[in-house]
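One structure below.
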Amino acid sequence: MGMEEILPPATASFQKEEAPIAAPQVGSFPSAATGAETLDEIRADLGECRRCPLAEKRQKIVFGAGNPHARLVFVGEAPGREEDLQGFPFVGEAGQLLDRILFAMGLSREEVYICNVGKCRPPGNRDPLPEEVAACEPFLKRQLAAIRPLLLVALGRCSAQTLLRDRTPIGRLRGHWREYEGIPLMPTYHPAYLLRNPNGKREVWEDMKKVMARLREEIR
Ligand code: URA
(Lines give C-alpha, C1' and ligand atoms only; values in the text may rest on other atoms or scores of the structure.)
Protein backbone atom coordinates (compact mmCIF):
# COMPACT_ATOMS: atom_id res chain seq x y z
CA MET A 1 0.00 0.00 0.00
CA GLY A 2 1.26 3.54 -0.59
CA MET A 3 0.83 6.63 -2.62
CA GLU A 4 0.57 4.58 -5.79
CA GLU A 5 -2.84 3.46 -4.50
CA ILE A 6 -4.18 6.94 -3.94
CA LEU A 7 -2.44 8.61 -6.84
CA PRO A 8 -2.25 8.27 -10.59
CA PRO A 9 0.91 6.27 -11.46
CA ALA A 10 2.74 9.33 -12.78
CA THR A 11 3.05 10.81 -9.30
CA ALA A 12 3.60 7.61 -7.35
CA SER A 13 7.36 8.17 -7.40
CA PHE A 14 6.95 11.26 -5.18
CA GLN A 15 5.92 9.05 -2.36
CA LYS A 16 8.96 6.79 -2.64
CA GLU A 17 11.25 9.80 -2.50
CA GLU A 18 9.44 11.75 0.15
CA ALA A 19 7.43 9.51 2.44
CA PRO A 20 10.09 9.29 5.17
CA ILE A 21 10.16 13.06 5.75
CA ALA A 22 9.63 14.01 9.38
CA ALA A 23 6.99 11.35 9.69
CA PRO A 24 8.15 9.59 12.88
CA GLN A 25 8.10 12.75 14.96
CA VAL A 26 4.65 14.07 14.34
CA GLY A 27 2.88 12.79 17.39
CA SER A 28 5.59 11.06 19.32
CA PHE A 29 6.76 13.84 21.61
CA PRO A 30 5.07 15.14 24.72
CA SER A 31 2.75 17.91 23.71
CA ALA A 32 3.63 21.54 23.51
CA ALA A 33 0.05 21.97 24.65
CA THR A 34 -0.50 24.29 27.53
CA GLY A 35 -4.22 24.61 26.90
CA ALA A 36 -6.15 25.26 30.07
CA GLU A 37 -8.56 22.35 29.58
CA THR A 38 -8.20 18.78 28.39
CA LEU A 39 -10.08 17.03 25.61
CA ASP A 40 -11.77 14.86 28.25
CA GLU A 41 -13.06 17.94 30.03
CA ILE A 42 -14.37 19.39 26.78
CA ARG A 43 -16.05 16.07 25.93
CA ALA A 44 -17.63 16.00 29.37
CA ASP A 45 -18.94 19.54 28.89
CA LEU A 46 -20.43 18.58 25.51
CA GLY A 47 -22.31 15.78 27.30
CA GLU A 48 -25.34 14.34 25.53
CA CYS A 49 -25.55 17.55 23.52
CA ARG A 50 -28.98 18.96 22.58
CA ARG A 51 -27.76 22.36 21.44
CA CYS A 52 -29.10 21.88 17.88
CA PRO A 53 -31.78 19.78 16.18
CA LEU A 54 -29.28 17.23 14.81
CA ALA A 55 -29.33 15.65 18.28
CA GLU A 56 -32.78 14.19 17.56
CA LYS A 57 -31.75 11.81 14.82
CA ARG A 58 -28.15 11.06 15.70
CA GLN A 59 -27.02 7.69 17.00
CA LYS A 60 -23.67 8.78 18.39
CA ILE A 61 -21.80 12.05 18.87
CA VAL A 62 -18.53 12.00 16.93
CA PHE A 63 -16.25 14.10 19.09
CA GLY A 64 -12.88 13.33 17.48
CA ALA A 65 -10.14 10.74 17.83
CA GLY A 66 -6.41 10.39 17.86
CA ASN A 67 -3.44 11.79 19.70
CA PRO A 68 -4.41 14.52 22.20
CA HIS A 69 -0.87 15.91 21.72
CA ALA A 70 -0.93 15.73 17.93
CA ARG A 71 1.12 18.21 15.99
CA LEU A 72 -1.13 17.75 12.99
CA VAL A 73 -4.93 17.88 13.13
CA PHE A 74 -7.33 17.07 10.28
CA VAL A 75 -10.75 18.72 10.37
CA GLY A 76 -13.53 17.24 8.25
CA GLU A 77 -17.11 18.29 7.75
CA ALA A 78 -19.48 16.15 9.81
CA PRO A 79 -20.12 12.48 10.53
CA GLY A 80 -21.67 10.29 7.84
CA ARG A 81 -23.66 7.09 8.33
CA GLU A 82 -20.82 4.87 9.54
CA GLU A 83 -19.39 7.53 11.82
CA ASP A 84 -22.84 8.13 13.32
CA LEU A 85 -23.17 4.42 14.07
CA GLN A 86 -19.66 3.94 15.46
CA GLY A 87 -19.01 7.31 17.12
CA PHE A 88 -15.60 7.80 15.47
CA PRO A 89 -14.56 10.14 12.64
CA PHE A 90 -13.78 8.95 9.15
CA VAL A 91 -14.50 5.25 9.56
CA GLY A 92 -16.45 4.85 6.29
CA GLU A 93 -15.20 4.71 2.73
CA ALA A 94 -13.82 8.26 2.79
CA GLY A 95 -12.03 7.34 6.00
CA GLN A 96 -10.30 4.42 4.32
CA LEU A 97 -8.98 6.80 1.71
CA LEU A 98 -7.88 9.20 4.47
CA ASP A 99 -6.00 6.28 6.05
CA ARG A 100 -4.19 5.70 2.75
CA ILE A 101 -3.29 9.38 2.52
CA LEU A 102 -1.92 9.24 6.09
CA PHE A 103 0.01 6.08 5.28
CA ALA A 104 1.54 7.73 2.22
CA MET A 105 2.58 10.63 4.48
CA GLY A 106 4.24 8.12 6.79
CA LEU A 107 1.66 8.75 9.50
CA SER A 108 -0.89 6.75 11.43
CA ARG A 109 -4.13 7.68 13.13
CA GLU A 110 -2.41 7.33 16.49
CA GLU A 111 -0.06 10.19 15.64
CA VAL A 112 -2.61 12.71 14.39
CA TYR A 113 -5.98 13.93 15.65
CA ILE A 114 -9.07 13.81 13.44
CA CYS A 115 -12.31 15.66 14.07
CA ASN A 116 -15.06 17.51 12.26
CA VAL A 117 -16.73 20.91 12.16
CA GLY A 118 -20.01 19.20 13.12
CA LYS A 119 -20.27 16.44 15.74
CA CYS A 120 -23.62 14.96 14.73
CA ARG A 121 -24.72 13.54 11.40
CA PRO A 122 -26.80 15.87 9.22
CA PRO A 123 -29.66 14.00 7.51
CA GLY A 124 -28.75 12.62 4.09
CA ASN A 125 -25.17 13.80 4.63
CA ARG A 126 -26.08 17.37 3.73
CA ASP A 127 -23.74 20.16 4.84
CA PRO A 128 -24.34 21.29 8.41
CA LEU A 129 -26.57 24.41 8.49
CA PRO A 130 -25.13 27.67 9.80
CA GLU A 131 -27.03 27.36 13.09
CA GLU A 132 -25.75 23.79 13.54
CA VAL A 133 -22.18 24.94 12.90
CA ALA A 134 -22.69 27.84 15.29
CA ALA A 135 -23.76 25.45 18.05
CA CYS A 136 -20.85 23.08 17.46
CA GLU A 137 -17.91 25.25 16.50
CA PRO A 138 -17.13 26.54 20.01
CA PHE A 139 -16.30 22.94 20.95
CA LEU A 140 -14.00 22.52 17.95
CA LYS A 141 -12.31 25.77 18.88
CA ARG A 142 -11.76 24.50 22.42
CA GLN A 143 -10.47 21.14 21.14
CA LEU A 144 -7.92 22.89 18.95
CA ALA A 145 -6.93 25.20 21.81
CA ALA A 146 -6.41 22.13 24.03
CA ILE A 147 -4.33 20.24 21.46
CA ARG A 148 -2.50 23.30 20.14
CA PRO A 149 -1.25 21.51 17.01
CA LEU A 150 1.51 22.96 14.88
CA LEU A 151 -0.58 22.61 11.73
CA LEU A 152 -4.15 22.05 10.63
CA VAL A 153 -5.54 20.45 7.49
CA ALA A 154 -9.09 21.43 6.50
CA LEU A 155 -10.66 18.58 4.54
CA GLY A 156 -13.09 19.93 1.99
CA ARG A 157 -15.14 22.99 1.29
CA CYS A 158 -17.33 23.00 4.39
CA SER A 159 -14.39 22.69 6.77
CA ALA A 160 -12.17 25.21 4.97
CA GLN A 161 -14.91 27.79 4.43
CA THR A 162 -16.17 27.48 7.99
CA LEU A 163 -12.78 27.71 9.68
CA LEU A 164 -11.56 30.50 7.43
CA ARG A 165 -14.84 32.43 7.22
CA ASP A 166 -14.16 32.60 3.50
CA ARG A 167 -16.60 31.55 0.77
CA THR A 168 -13.89 31.16 -1.88
CA PRO A 169 -14.37 27.82 -3.68
CA ILE A 170 -12.26 24.96 -2.31
CA GLY A 171 -10.57 24.58 -5.70
CA ARG A 172 -9.02 28.02 -5.14
CA LEU A 173 -8.47 27.73 -1.38
CA ARG A 174 -6.63 24.41 -1.55
CA GLY A 175 -2.88 24.35 -1.68
CA HIS A 176 -2.43 27.76 -0.04
CA TRP A 177 -1.45 28.27 3.59
CA ARG A 178 -3.94 30.20 5.71
CA GLU A 179 -4.42 30.56 9.46
CA TYR A 180 -7.03 29.55 12.02
CA GLU A 181 -6.64 31.10 15.47
CA GLY A 182 -2.93 31.58 14.79
CA ILE A 183 -2.41 27.98 13.58
CA PRO A 184 -1.24 27.52 9.96
CA LEU A 185 -4.00 25.76 8.03
CA MET A 186 -3.81 23.96 4.70
CA PRO A 187 -7.13 23.52 2.89
CA THR A 188 -7.41 20.50 0.61
CA TYR A 189 -10.05 18.37 -1.05
CA HIS A 190 -12.24 16.10 1.06
CA PRO A 191 -11.54 12.36 0.67
CA ALA A 192 -15.21 11.81 -0.27
CA TYR A 193 -14.68 14.22 -3.17
CA LEU A 194 -11.63 12.19 -4.20
CA LEU A 195 -13.73 9.03 -4.31
CA ARG A 196 -15.88 10.74 -6.95
CA ASN A 197 -13.02 12.63 -8.63
CA PRO A 198 -9.85 10.52 -8.46
CA ASN A 199 -7.90 13.07 -10.49
CA GLY A 200 -7.96 15.36 -7.45
CA LYS A 201 -5.63 12.94 -5.62
CA ARG A 202 -2.66 14.45 -7.39
CA GLU A 203 -3.51 17.89 -5.97
CA VAL A 204 -4.11 16.50 -2.49
CA TRP A 205 -0.69 14.88 -2.59
CA GLU A 206 0.84 18.22 -3.58
CA ASP A 207 -0.92 19.80 -0.59
CA MET A 208 0.19 17.04 1.78
CA LYS A 209 3.79 17.42 0.66
CA LYS A 210 3.57 21.07 1.70
CA VAL A 211 2.18 19.98 5.06
CA MET A 212 5.00 17.48 5.64
CA ALA A 213 7.64 19.98 4.59
CA ARG A 214 6.25 22.59 6.98
CA LEU A 215 6.03 20.09 9.80
CA ARG A 216 9.66 19.24 9.23
CA GLU A 217 10.54 22.94 9.43
CA GLU A 218 8.48 23.55 12.56
CA ILE A 219 9.84 20.49 14.37
CA ARG A 220 13.46 21.22 13.49
N1 URA B 1 -16.85 12.93 6.28
C2 URA B 1 -16.46 13.87 7.17
O3 URA B 1 -16.33 15.04 6.86
N4 URA B 1 -16.23 13.46 8.41
C5 URA B 1 -16.32 12.21 8.81
O6 URA B 1 -16.06 11.93 9.98
C7 URA B 1 -16.71 11.25 7.86
C8 URA B 1 -16.97 11.63 6.59
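Remember, it's 1-based here, ligands and their atoms both numbered in the order they're listed. Each residue takes its place number in the sequence, starting with 1.
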State whether the side chain of Glu111 and the backbone N or O of Ser108 hold a donor-acceptor pair below 3.5 Å, judged by distance alone.
yes
So does Asp127 pair up with Arg157, basic N to acidic O under 4.0 Å?
yes
Asn197 side chain to Tyr193 main-chain N or O, any donor-acceptor pair under 3.5 Å?
yes
Regarding Thr168 and Asp166, is there a side-chain donor-to-acceptor distance under 3.5 Å anywhere?
yes
Residue by residue, ordered by chain and number, which ones reach under 4.0 Å of ligand 1 with a heavy atom?
Gly76, Glu77, Ala78, Glu83, Pro89, Phe90, Asn116, His190
Arg81 atom CZ: more than 12 heavy-atom contacts under 6.0 Å
no
Quick one, Arg126 with Glu132, criterion salt bridge (Lys or Arg N to Asp or Glu O under 4.0 Å). Give me CA distance, side-chain angles, the key distance, then yes/no.
CA-CA 12 Å; Arg126 64 159 169 73; Glu132 294 159 358; 2.9 Å; yes
